[in-house]
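Presented below is the structure to which this report refers.
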Amino acid sequence: MASGTVAPVSVSKGAGVDLIPHQFQYHTTETDASVLLYVTPEKAQAGLTKLVVEAAQAAVKAKGAFTLVLSGGSLPALLGPLASAKGIDWSKTHIFFVDERNVPHTCPDSTFKAVQEALLSQVPIPASQVYAIAEGLPVEQAATQYEGRLISIPASALPRSADGGFPVFDLILLGVGPDGHVASLFPNRPETAATQGWVLPVKDSPKPPPERITMTMPVINAAKEVAVVALGESKREIVQRVLEVQALPGALPAQLVRPKGGKLKWVLDVASAELLDVASWGEGKEFPRSSF
Ligand SMILES: O=C(O)[C@H](O)[C@@H](O)[C@H](O)[C@H](O)COP(=O)(O)O
């Protein structure tokens, strides 16, 4: 099929459908997102690795540094292949956490611990370039301390956005919870609606553990690129709601993820995309698409 032609996209679960990864602009009432749709979680993981490598190479070429921001949950377990990927200069890479549980780094709940085990322990990244939260502080102080560390990074390595002076990270990898939360920005919570500040404390989080720090939505939306990674059948309802259902502002925080000057990608597999009305993808909309 010639590239650029428009045709309905049918997504069938399981073998026999070779939906090789391609990118189409997927316009819904809610979100203009590029969807990277993979047949299996393994292919999605490979696609995610490629996405990170490409962002790293572009950033280092442009400014000599790559700033990568990670989420917790199931995301760290997907990062292993980055350790052997060609094209990432770890001496120029800086790792941050879009949110983090306010627990010791040795605690099983610690996202830093999960990322350390899955990736950082296998790559030559200088410890000073991994921005873990301070341990043992009250959560308000942990948030203030983390924000202070970000603010102290020179704009040469971490540029600031024109509107609001928020940090412009090169790539932020988000997960999405069943209630549509991203980072530790939960539905209808004041932190989610915050328009000021870079890092906020979260208490009584609906998702345990209860105390967290989180970057704010303006920081997420200042990024050059944001990828929301949602794989597997358990994500299919929330993926369909976020991408296809109009919700009140703040009710589905993932719908607030709209990087102003950047790219937004949803990394899905057939299982998580199963409920999407993909047939409408072809209705009168131009889909720059590779061949099937
Ligand atoms: O620290 C956290 O809990 C995460 O940052 C959180 O935002 C996570 O990304 C979502 O809850 C999805 O988690 P799963 O991918 O494990 O469902």
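Values in this document were obtained by computation on a predicted structure and should not be read as measured data. Both counts, for ligands and for their atoms, begin at 1 and track the order of listing.
Under the 6.0 Å cut-off for aromatic ring centres, F96 and F169 qualify, their centroids lying closer than that.
W198 places a side-chain heavy atom less than 4.5 Å from the side chain of I151.
Residue contact check: V176 has heavy atoms under 4.0 Å from atoms 12 (C) of ligand 1. Within ligand 1, the atoms closer than 4.0 Å to a non-hydrogen atom of H181 are 6 (C), 7 (O), 10 (C), 11 (O), numbered from 1 in the order shown. Of all atoms in ligand 1, listed by their number and element, those nearer than 4.0 Å to a heavy atom of G175 are 9 (O). The distance from ligand 1 to the heavy atoms of R212 drops below 4.0 Å at these ligand atoms: 1 (O), 2 (C), 3 (O).
Ligand 1 has no N or O atom lying under 3.5 Å from any N or O atom of V182, backbone or side chain. For a threshold of 3.5 Å applied to N or O pairs, the pair formed by S184 and ligand 1 contains no separation below that value.
Atom 8 (C) of ligand 1 has K207 NZ, 3.8 Å as its closest protein atom, hydrogens excluded (heavy atom only). Scanning the protein for heavy atoms near atom 7 (O) of ligand 1, the closest one is A183 O, 2.6 Å. What sits closest to atom 1 (O) of ligand 1 on the protein, heavy atoms only, is R101 NE, 2.9 Å. Distance from atom 17 (O) of ligand 1 to its nearest protein heavy atom, with residue and atom name: K235 NZ, 2.5 Å. Of all protein heavy atoms, the one lying nearest to atom 15 (O) of ligand 1 is S74 OG, 2.6 Å. Ranking the protein heavy atoms by distance from atom 5 (O) of ligand 1 puts D99 OD1, 2.7 Å first.
Under a 3.5 Å cut-off, the side chain of T67 and the backbone N or O of D170 do form a donor-acceptor pair. Put simply, the side chain of T216 never gets that close to the backbone of A194: no donor and acceptor are under 3.5 Å apart. The closest donor-acceptor contact from the side chain of E117 to the backbone of F112 lies at 3.5 Å or more, if one exists at all. Judged by distance alone, with hydrogens and angles left aside, the side-chain atoms of S121 form a donor-acceptor pair with the main-chain N or O of Q116 at under 3.5 Å.
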Query raised in the report: R258 and L264: side chain to side chain contact (heavy atoms under 4.5 Å, CB included), yes or no, with the steps?
Result: CA-CA 7 Å; R258 303 160 174 262; L264 170 60; 5.6 Å; no
**Report entry** Trace of the side chain to side chain contact (heavy atoms under 4.5 Å, CB included) decision for L276 with L268
**Finding:** CA-CA 11 Å; L276 287 179; L268 307 178; 3.9 Å; yes
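In this structure, E100 falls outside the shell of residues with a heavy atom less than 4.0 angstrom from ligand 1.
Each of E211, K203, E140 was evaluated against N102; a single residue qualifies, E211, per the side-chain hydrogen bond (donor to acceptor under 3.5 Å, both in side chains) test.
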